[in-house]
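These notes are about the structure you will find just below.
Heavy atoms only: backbone and side chains are in, while hydrogens, waters and symmetry mates are out. Indexing begins at 1, ligand by ligand and atom by atom, following the structure's order.
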Amino acid sequence: MRMLVTGGAGFIGSNFVRRTVKTRPEYEITVLDKLTYAGNRANLAGLDVPLVVGDIADAALVDGLVAEADIVVHFAAESHNDNSLEDPWPFMHTNLIGTYTLLEAVRRHGTRFHHVSTDEVFGDLALDDPARFNEHTAYNPSSPYSATKAGSDHLVRAWIRSFGIEATSSNCSNNYGPYQHIEKFIPRQITNILSGLPAKLYGTGEQVRDWIHVDDHNDAIHLILDRGKTGETYIIGADNDHVNNKQVIELICELMGLGKDAYEHVADRPGHDMRYAMDSTKLRTELGWRPRFTDNDTGMRRGLEETIAWYRENESWWRPQKEQVEADYARKGH
Ligand code: NAD
Ligand code: DAU
């Protein structure tokens with residue numbers, strides 16, 4: 001089975017490739033990745049997986065690669081909300097034009113396609129709203145990032161309905177784990193503390209993200225590839241919608257041997273989504289998925305301990321980017 005993985009040198013995609021190599025030797029993987037600031041060759045180090053450096057919006061390149069694949073798993077995206085507020089264009093290019101380019105290629109070649117998307121397409125919930133997002137929730141994206149991901153989801157649905165492509169989609173909540181770019185919340189705090197800098201909380205930190213370990217996300221994608229029904233969408237979430245950013249930062253400080261309050265408040269994100277919560281009943285009941293990274297307080301303690309250990313042990317992976325990332329955040333007031 002020949003599998004093309006777009007964005008396979010990024011955070012979730014490279015964890016997916018590692019996990020697939022380890023657990024599913026039947027797949028022969030090729031990675032297509034542009035190696036933007038978020039992609040890193042080192043994420044695939046030690047794996048015997050070809051990496052094609054190129055753009056998913058390059059129709060000729062994509063056509064040739066899709067022609068050689070039995071299945072395409074599409075992770076490539078511009079993925080950071082804060083960046084989309086500063087310059088939305090790369091998000092339009094990759095998330096919309098890039099996804100369109102892949103869809104046209106899989107349509108021509110009759111290739112199975114899986115589209116990786118996010119809970120942010122649904123917008124946010126109020127803190128006191130007990131609702132959870134499910135497969136029928138209306139789309140209501142807030143940022144240029146989430147609007148372009150919502151657009152890409154609509155493209156996939158239209159290509160399924162109008163052209164009959166064999167595709168599935170998944171919408172997952174916030175991931176954490178090894179190889180996550182240090183611009184993102186959890187690795188930024190861990191690497192700040194390892195650098196002797198304070199952890200940085202946006203605003204009051206009341207916002208809730210439904211955190212999931214990246215391996216649990218990727219296991220769900222494999223189940224969808226194995227047993228999912230084409231044409232369908234699956235919600236992925238690990239039931240952590242009771243933990244707010246302040247509690248996560250406090251837990252990181254505690255696990256790293258500091259006082260719970262060893263962080264500072266910085267400027268909030270404009271239009272900051274308040275709460276995400278995922279109802280993954282369909283995935284659990286129809287495909288039998290269960291998250292492995294759970295515990296009974298925050299649901300993240302073991303996963304965070306392992307993630308902190310990974311950043312401690314892999315300083316050479318993140319150190320070269322730290323100064324620039326923090327300089328960019330300082331310029332934005334974060
Ligand atoms: P990431 O930013 O870490 O990685 C994205 C990868 O895509 C990078 O390797 C980058 O080089 C590559 N890329 C960007 N533009 C490209 C282009 N034009 N052509 C080819 N490659 C390109 O992102 P991530 O956090 O690993 O997210 C992967 C996917 O999962 C995205 O589609 C994102 O929307 C989705 N998602 C992420 C989360 C999360 O919490 N991180 C949660 C749910 C869904
Ligand atoms: O929900 C899924 C989404 O999760 C994915 O689609 C995105 O690709 C991914 O980046 C993530 O989006 P968020 O905007 O939720 O993630 P981020 O890591 O940027 O921020 C998580 C929360 O932490 C958010 O409420 C903002 C806050 N935050 C972030 C940073 C970087 C802080 O309090 N301090 C920080 O330094």
### Task
Evaluate the ring planes of Phe91 and Tyr145, with Trp represented by its six-membered ring, and classify them as parallel (under 30°), tilted (30 to 60°) or perpendicular (over 60°).
perpendicular
### From the candidates Arg269, Glu206, Lys246, Arg209, the one that places a heavy atom nearest atom 17 (P) of ligand 2
Arg269
### Message
Show me which atoms of ligand 2 lie under 4.0 Å from any heavy atom of His80.
### Response
19 (O)
### Message
Counting only heavy atoms, tell me which of Ala76, Ser152, Ala57, Pro90 gets closest to atom 7 (O) of ligand 1.
### Response
Ala76
### Query
Relative to the heavy atoms of Thr118, which atoms of ligand 2 are at a distance of less than 4.0 Å?
1 (O), 2 (C), 3 (C), 5 (C), 6 (O)
### Message
With a 6.0 Å cut-off on the ring centroids, do Tyr176 and His213 count as close?
### Response
yes
### Query
Can you list the ligand 2 atoms lying under 4.0 Å from a non-hydrogen atom of Glu183?
31 (C)
### Summary
the protein heavy atom lying closest to atom 27 (C) of ligand 2 turns out to be Asn245 ND2, 3.5 Å
### Task
Just need the protein heavy atom nearest to atom 30 (C) of ligand 2, so name the residue and atom and give the distance.
Tyr202 CZ, 3.5 Å
#### Entry: Nearest option to atom 5 (C) of ligand 1, as decided by whichever heavy atom of Gly98, Ala77, Ser79, Ala38 sits closest
Ala77
### Summary
Within 4.0 Å of some non-hydrogen atom of Asp119, the atoms of ligand 2 are 1 (O), 2 (C)
## Note on the structure
If you scan protein heavy atoms around atom 3 (C) of ligand 2, the nearest is Glu120 OE2, 3.1 Å
## Note on the structure
the protein heavy atom lying closest to atom 34 (N) of ligand 2 turns out to be Lys200 O, 2.8 Å
### Query
Looking at ligand 1, does any of its N/O atoms fall within less than 3.5 Å of an N/O of Asn175?
yes
### Query
What protein heavy atom sits nearest atom 38 (C) of ligand 1, and how far off is it?
Ile12 CD1, 3.5 Å
### Task
Give a yes/no on ligand 2: does His334 have at least one heavy atom closer than 4.0 angstrom to it?
no
#### Entry: Sub-4.0 Å heavy-atom contact, Ser173 with ligand 1
yes
### Query
Do the rings of Phe75 and Phe16 sit parallel, tilted or perpendicular, given the 30° and 60° boundaries?
tilted
### Task
Find all atoms of ligand 2 within a distance of less than 4.0 Å from any non-hydrogen atom belonging to Leu201, and give their numbers and elements.
33 (O)
### atom 26 (C) of ligand 2 - nearest protein heavy atom and its distance
His272 NE2, 3.4 Å
### Summary
Near Tyr276 (heavy-atom distance under 4.0 Å), the atoms of ligand 2 are 1 (O)
### Polar proximity ligand 1 side, Asp55 side, N/O cut 3.5 Å exclusive
yes
### Query
Step by step, would you call Glu315 with Arg319 a salt bridge (Lys or Arg N to Asp or Glu O under 4.0 Å)?
CA-CA 6 Å; Glu315 183 166 342; Arg319 177 60 72 194; 2.9 Å; yes
### Query
What residue and atom, counting heavy atoms only, is the protein's closest point to atom 16 (O) of ligand 2, and at what distance?
Asn174 ND2, 3.4 Å
### Message
Evaluate Tyr145 for polar contact with ligand 2, using N/O atom pairs at a separation under 3.5 Å.
### Response
yes
#### Entry: Geometric cation-pi criterion, Arg188 with Tyr329: 6.0 Å, 45°
yes
### Task
Note the single closest protein heavy atom to atom 29 (C) of ligand 1, along with its residue, its atom name and the distance in Å.
Phe75 O, 3.1 Å
## Note on the structure
Under 4.0 Å from one or more heavy atoms of Gln189, ligand 2 contributes atoms 34 (N), 35 (C), 36 (O)
### Query
Is any N or O atom of Thr36, backbone or side chain, closer than 3.5 Å to an N or O atom of ligand 1?
yes
### Query
Does Ser117 reach ligand 1, in the sense of a heavy atom lying below 4.0 Å from it?
yes
### Message
Over 60° means perpendicular and under 30° means parallel, so tell me whether Trp317 and Tyr179 are parallel, tilted or perpendicular.
### Response
perpendicular
### Task
Name the closest protein heavy atom to atom 20 (O) of ligand 2, giving the residue it belongs to and the distance to 0.1 Å.
Phe185 CB, 3.7 Å
### Message
With heavy-atom distances below 4.0 Å as the criterion, list the atoms of ligand 2 near Arg188.
### Response
35 (C), 36 (O)
### Query
What protein heavy atom sits nearest atom 34 (O) of ligand 1, and how far off is it?
Tyr145 OH, 2.7 Å
### Task
Please determine if Gln207 has a nitrogen or oxygen closer than 3.5 Å to a nitrogen or oxygen of ligand 2.
no
### Task
Give a yes/no verdict on a cation-pi contact between Lys200 and Tyr263, requiring under 6.0 Å between NZ or CZ and the six-membered ring centre and an angle within 45° of the axis.
no
### Query
Counting both backbone and side chain atoms, is some N or O of Cys172 under 3.5 Å from an N or O of ligand 2?
no
### Message
As a check for students: among Arg41, Lys149, His181, Lys34, identify the option with a heavy atom nearest to atom 21 (N) of ligand 1.
### Response
Lys34
### Query
Can you tell me which residue and heavy atom of the protein come closest to atom 30 (O) of ligand 1, and the distance to 0.1 Å?
Val116 CG1, 3.5 Å
### Task
Pick one of side chain, backbone, both or neither for how Lys184 approaches ligand 2, counting any non-hydrogen atom pair under 4.0 Å.
both
### Query
Of all the non-hydrogen atoms in the protein, which one sits nearest to atom 9 (C) of ligand 2, and at what distance?
Ser79 O, 3.9 Å
### Query
Taking N or O atoms only and a 3.5 Å limit, does Thr94 qualify as a polar contact for ligand 1?
yes
### Query
Looking only at non-hydrogen atoms, which of Thr6, Ile212, Asp33 approaches atom 8 (C) of ligand 1 most closely?
Asp33
### Message
Is the positively charged end of Arg302 above the ring of Phe293, judged by distance under 6.0 angstrom from the centroid and angle within 45° of the axis?
### Response
yes
#### Entry: Atom of Ser146, atom of Asn81 and distance for their closest heavy-atom approach
N-OD1, 4.4 Å
### Residue part near ligand 1, for Asn171, under 4.0 Å between non-hydrogen atoms
neither
### Query
Distance under 6.0 Å and angle within 45° of the ring axis: does Arg209 meet both against Tyr276?
yes
### For atom 4 (O) of ligand 1, the option (of Gly10, Ser146, Gly8) bearing the nearest heavy atom
Gly10
### Query
Any N or O of Cys172 that comes nearer than 3.5 Å to an N or O of ligand 1?
no
